[in-house]
Amino acid sequence: MIVILGPTATGKTAIATRLAATINGEIISADSRQVFRGMDIGTGKDLSEYMVDETPIPYHLIDIVDPGTEYSLFNFQHDCYRAYDEIVAHGNMPILCGGTGLYLESVIRAYPIVEVPMNEALRTRLQPLSLDQLSEMLAKLKKLHNHTDTESRERVLRAIEIETFYRDYPQKVENSRKVIEPMAIFGIYFDREVIRQRITQRLKERLENGMIEEVQRIVDRGVSHERLQKYGLEYKYVSLYLQNKLSYDALFEELNIAIHQFAKRQTTWFRRMEKNGISIVWLDGSWSIDEKVQKIVNSLKI
RNA sequence: GGGGAGAUUCCAGAGUGGCUAAAUGGGGCAGACUGUAAAUCUGUUGGGCGACCUUCGGAGGUUCGAAUCCUUCUCUCCCCA
C-alpha cells in the first residue's frame, strides 16, 4: 500500500489518481466526509478526477452511506481493510489517500478497534447519573486525554460503553488483523500562507458552483440542521446561512477562517504522526502533478 | 466655512494619574486527541533567559510617576453650511 496525505486544498486526489493510472492502483479514500452520498461540492469530491486519460480509476469508500447515517472510526477501519483485500485480490496496488489524520493512522498503525454494539442495559443504568459522575466513572476505566472526553454526555456515554465492552470481552479486542505496512507515505507540502490562499480561492468557486444549493438539497432530503452542523465546515456554516443565522458575507468570512484553522489542525496531526515514528516523504506542492507522480514512482523503485 | 467625536499592542475594542506590557473578543502561532475527528479541547501572543529594554498618532510640557492631565501639530470620522 502507498499512502498519500496532506491538508485540505493541496490536490491529493489528482496525484493519487494519476499515480494509480501509472502503476495499476486503486484509491481508498481516507476522508471522513466523502463517504456521504450527495455531499460533493462541500467535501471537494470531484469524481471526474477519477478519470485519467479516458481510463476510470477504481475508488473505494466514497459515496457509501447517506447523510445522517452514523459513520465512525470503526466503520472506516473495517471498510478500509475490506477494500484493501479486494484491491489486492485484483492484483492492484492500494493507494490510501486522504486528509483525515485519525482515519489514516487507524490503518497505518493498526489501531485495535472492534465493533462495540449499543448496550441498552448499561445506558439505562447510567441514565440518572450526572455528567460529572459519568466523567468520574470514565476516568476509572481509561486514561482521559483532556476535556474532550468529558464535554458532552453523548460522548462520555459512548466512551463508557466502549471501555466496558473492552473490559468484559478482552479476547475480542485482540487484533487478529495483520498490520498493513505501507511501502511509503507521501505528503503534499505547501506553506501555510499558500494553503490559506488556495482555500479562499476554492471557497469562492464552491459558492459559485452551487454549494449552497447542495446543502439545501440535503436538507430537503430530511437531514436536520442540527445534524448538518455536526458535519462541520461548509455544511455547518451553510446550514446556519440557510437558517438566516448568518449573512452571506459572514458565511464567507467565518467559513473561510474555519477551513484555514482546519488545515492547521491537519498539519498538526501529520507532525504528530512523524513524532510518533511514522516517516512521511514530503513533496513540494508547487511541482506539477506529473513531477510529483514521477517523484513517487522513482522513489518506489529504489 | 462652522460645530462635534476620535487616533491604544496583527485587527476590533476596553482602559482616564501609580495595582498596565496594557481587560475582552477575533485572528495568528503551538499543542492534545483510538469510536462525532471537517469534531472536541488546551496553551500562547512587544523584545530579552534575566535584573531589564522599547510601546498606547507626532512633538513639547506638568508630575516622584502619564496610554491616562496640559499645549501644539498631523490625520480620520460625523453633523450643520
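Proteins come first, then strands; the chains are lettered A, B, ... in the order of their sequence lines, and each starts at number 1. What you see below is based on every heavy atom in this structure, not just the backbone, and it leaves out hydrogens, waters and symmetry mates.
Side-chain atoms of A:N92 and A:E26 include a donor-acceptor pair closer than 3.5 Å. A:Q77 and A:S106 share no side-chain donor-acceptor pair at under 3.5 Å. A side-chain N or O of A:D220 and one of A:Q216 form a donor-acceptor pair less than 3.5 Å apart.
Counting any heavy atom pair closer than 4.0 Å across all strands shown, A:L233 reaches a base atom. A:G101 comes within 4.0 angstrom of nothing in the nucleic acid, heavy atoms only. Counting non-hydrogen atoms under 4.0 angstrom, A:K264 reaches a base of the nucleic acid. At a threshold of 4.0 angstrom between heavy atoms, the contacts of A:R192 are confined to the sugar-phosphate backbone, with no base atom among them. Within the 4.0 angstrom heavy-atom criterion, only backbone atoms of the sugar-phosphate kind lie near A:Y103; the bases stay farther away. Using a 4.0 Å heavy-atom distance criterion, A:T8 is classed as making no nucleic acid contact. Heavy atoms of A:Q261 sit under 4.0 angstrom from primed sugar atoms or phosphate atoms, though from no base atom. Within 4.0 Å (heavy atoms only), A:D31 reaches at least one base atom of the nucleic acid. Among the heavy atoms of the strands, none lies under 4.0 Å from A:R227. Residue contacts for A:T100: at a heavy-atom cut-off of 4.0 Å it reaches the sugar-phosphate backbone alone, with no base atom in range. The residue A:I257 sits close only to the backbone: its heavy atoms come under 4.0 Å of sugar-phosphate atoms, none of a base.
Comparing B:rC64 with B:rC69, their C1' atoms are spaced 16 Å from each other, to the whole Å. For the C1' atoms, the distance from B:rG13 to B:rG65 is 27 Å, rounded to whole Å. For the P atom pair drawn from B:rU8 and B:rA14, the interatomic distance equals 11 Å after rounding to whole Å. Remark: the separation of the P atoms in B:rG61 and B:rA51 is 30 Å, to the nearest Å. Distance noted for atom P between B:rC53 and B:rA67: 14 Å (whole Å). B:rU45 sits 48 Å from B:rA81 when the C1' atoms are compared, rounded to a whole Å. Distance noted for atom P between B:rA30 and B:rG47: 15 Å (whole Å). Going from the P atom of B:rG15 to that of B:rA7 covers 10 Å, rounded to whole Å.
Rounded to whole angstrom, the span from the CE atom of A:M39 across to the C1' atom of B:rU36 amounts to 12 Å. In this structure, CD of A:E193 is placed 12 Å from C1' of B:rG27, rounded to the nearest angstrom. Here the P atom of nucleotide B:rG35 and the CG atom of A:L102 are 7 Å apart, to the nearest Å. Look at CZ on A:R158: it is 11 Å from C1' on B:rU36, rounded to the nearest Å. The interatomic distance linking A:I199 (CD1) with B:rA38 (P) rounds to 13 Å, in whole Å. Rounded to whole Å, atom C1' of B:rU34 lies 13 Å from atom CE of A:M273. Rounded to a whole Å, the CD1 atom of A:I162 is 12 Å from the P atom of B:rA37. The CZ atom of A:R155 sits 13 Å away from the P atom of B:rC33 (whole-angstrom rounding).
Judged by distance alone with a 3.5 Å cut-off, no donor-acceptor contact links the side chain of A:S32 to the base of B:rU36.
Of all the heavy atoms in A:L73 and A:Y103, the pair that sits closest is CD1-CD1, 3.5 Å. The heavy-atom pair separating A:T10 from A:P7 by the smallest distance is OG1-O, 2.7 Å. In plain terms, the two heavy atoms of A:L131 and A:S152 that are nearest each other are CD1-C, 3.9 Å.
Residues A:Y50 and A:I27 have side chains in contact (heavy-atom distance under 4.5 Å, counting atoms from C-beta outward). Taking 4.5 Å as the limit, every side-chain heavy atom of A:E214 sits out of range of all side-chain heavy atoms of A:V219.
Mapped onto RNA chain B by nearest heavy atom, A:E163 and A:E234 fall at different nucleotides, with A:E163 at the one closer to the 5' end.
Phosphate proximity of B:rG31 to A:R271: present, with a side-chain N or O under 4.0 Å from OP1 or OP2. Within the 4.0 Å cut-off from OP1 or OP2 of B:rA37, not a single side-chain nitrogen or oxygen of A:K236 is found. Residue A:R272 places none of its side-chain N or O atoms closer than 4.0 Å to OP1 or OP2 of B:rA37. Dashed line: the shortest gap from a side-chain N or O of A:R265 to OP1 or OP2 of B:rU40 is not under 4.0 Å. Of the side-chain N and O atoms in A:R33, one or more sit less than 4.0 angstrom from OP1 or OP2 of B:rA37.
In a base pair of the Watson-Crick type (N1 to N3 plus N6-O4 or O6-N4) or a G-U wobble (N1-O2 and O6-N3), with each distance short of 3.5 Å, B:rU62 is matched with no nucleotide. Checking B:rC77 for Watson-Crick or G-U wobble geometry (two distances, each under 3.5 Å) identifies B:rG4 as its partner. With both pairing distances under 3.5 Å, B:rG27 is matched to B:rU45 as a Watson-Crick or G-U wobble pair. The partner of B:rA39 cannot be assigned: no Watson-Crick or G-U wobble pair with both contacts below 3.5 Å exists in any strand. Pair check for B:rA67 finds none; no Watson-Crick or G-U wobble contact set falls under 3.5 Å. Using Watson-Crick or G-U wobble geometry with both donor-acceptor distances under 3.5 Å, B:rA22 finds no partner in any strand shown.
Atom OG1 of A:T8 sits about 11.5 Å away from atom CZ of A:R265, to the nearest 0.5 Å.
Taking every side-chain heavy atom of A:K230 into account, B:rU36 is the closest of B:rA37, B:rG31, B:rU36.
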